[in-house]
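Both counts, for ligands and for their atoms, begin at 1 and track the order of listing.
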Amino acid sequence: MPSVDVAGEFETIRKLFAPLAHPEWGRGLKDDVAALPTRPGHDLVLTKDAIVEGVHFLPTDPLDTVAQKLLRTNLSDLAAKGAEPFGYLLACFWSERCGWPEREAFVAGLKADQKAFGVSLLGGDTVVTSGPASFSLTALGWAPKGVVIGRNGARVGDLVFVTGAIGDGWLGLQAAQGRLGLDPERLMALADHYRAPMPRVEFAPTIRELASASIDVSDGLIADLGHIAEASGVGIEIDLALTPLSAAANAWFEDRVDPVAALEKLVTGGDDYEIAFTAAAKDEEALRREAERRLLRLTRIGRVVAGKGVKARFANENVKFDKAGFTHR
Ligand code: ADP
Ligand code: MG
């Protein structure tokens, strides 16, 4: 039976969460609601994610990065839509392992990210559960009216791009579980990426200006491009040889005997939190300029064609995958 630990709940809110509250709209977390003014000329853009111990994070993961991963996965969704974040609502379902020090760690992770990404806490709920620790977060952002970039705007002839590197999410999970044999620094870099991915918040203005369709890579590159293809009523062709890899992923990749099997892991694994998007060919140069200005890697990996689904090629061979990405049953 889930129970609510009332004393712990109020102390948690007052001592830990209230200092993170939005200075005006959060009402110091002393009221029943948050109240925010509308912003003329803008749409309010909202997204929500839930994470559960044993499913989205490991029972051994420190709670500061659990909080950061939760916040960042939501910020990643907003960025892919071209929206800029300002606040969030948070529900905590603390488990037995979440004592005061763990709650402090959770809040320390949020505090660091509030500063890094310019967001603040608007409200939430706090309960205790006998099940696995779980958290849910709703992120709020603004986008100029009517410009939120959907999955459905890809047009035949558009090019397909991805920010950053692909595969560190999957490799990071392997690293965090001690299943990879690589240099310790590489393992650390990968596990860090898995625990606290870097959402491409700074690219949101470029996405809303230049992308025709966009999505963040959470399920797996192939699966997420599949969502764009389906929503847009088009096909997508990508060249796996162009998949951008981090230095650590490259070190792992170089030791594989079967490059296609290795790439399959990286492009179907998910948890990358990069932005995969389509854009008109005429905008490629402007996109590259904007990415460079932000020191952000940007790679053209394919193009939009008539048809449906995602077709991947490697060295002029068609590649078929067992699964496009991770799905919950
Ligand atoms: P209710 O009785 O409606 O559930 P609570 O006592 O849970 O209200 O919440 C009191 C205040 O604390 C509200 O402003 C709520 O938004 C805030 N709050 C509760 N839990 C959290 C949390 N995990 N994060 C942020 N704010 C929270
Ligand atoms: Mg409550």
Worksheet entry | Mode of Ile13 contact toward ligand 1 - side chain, backbone, both, neither (heavy atoms, under 4.0 Å) | side chain

Discussion item. So is Glu9 touching ligand 1 or not, going by heavy atoms under 4.0 Å?
Written reply: yes

Fill in: Glu230/Arg151 ion pair, N-O < 4.0 Å
no

Worksheet item: Which ligand 1 atoms does Leu121 reach within 4.0 Å, using its non-hydrogen atoms?
Response: 24 (N), 25 (C)

Worksheet item: If you draw the axis of the six-membered ring of Tyr273, does the NZ or CZ of Lys69 fall within 45° of it and under 6.0 Å from the ring centre?
Response: no

Worksheet, complete the sentence: Given the options Arg297, Glu202, Arg294, Glu274, Thr163 meets side-chain hydrogen bond (donor to acceptor under 3.5 Å, both in side chains) only with Glu274

Item to complete: Could you pull out, from Ser136, Cys92, Gly124, Ala91, the option with a heavy atom nearest to atom 27 (C) of ligand 1?
Response: Gly124

Response to the item:
Restricting to heavy atoms, the pick from Asp31, Leu20, Val127 nearest atom 13 (C) of ligand 1 would be Asp31

Worksheet item: Will you find, in the side chains of Arg103 and Thr12, an N or O donor that is under 3.5 Å from an N or O acceptor?
Response: yes

Response to the item:
Phe10 heavy atoms within 4.0 Å reach ligand 1 at atoms 6 (O)

Practice prompt. Report yes or no: do Leu266 and Leu242 belong to one cluster of Ile/Leu/Val/Met/Phe/Trp/Tyr joined by side chain heavy-atom distances under 4.5 Å?
Written response: yes

Fill in: Per-atom contacts of ligand 1 with Gly123, taking only distances under 4.0 Å to non-hydrogen atoms
16 (O), 24 (N), 25 (C), 26 (N), 27 (C)

Worksheet entry | ring-ring contact (aromatic ring centres under 6.0 Å, His included) involving Phe277 - partner list, sequence neighbours excluded | Phe161

Worksheet item: Would you say Asp125 has any N or O atom under 3.5 Å from an N or O of ligand 1, going by distance alone?
Response: yes

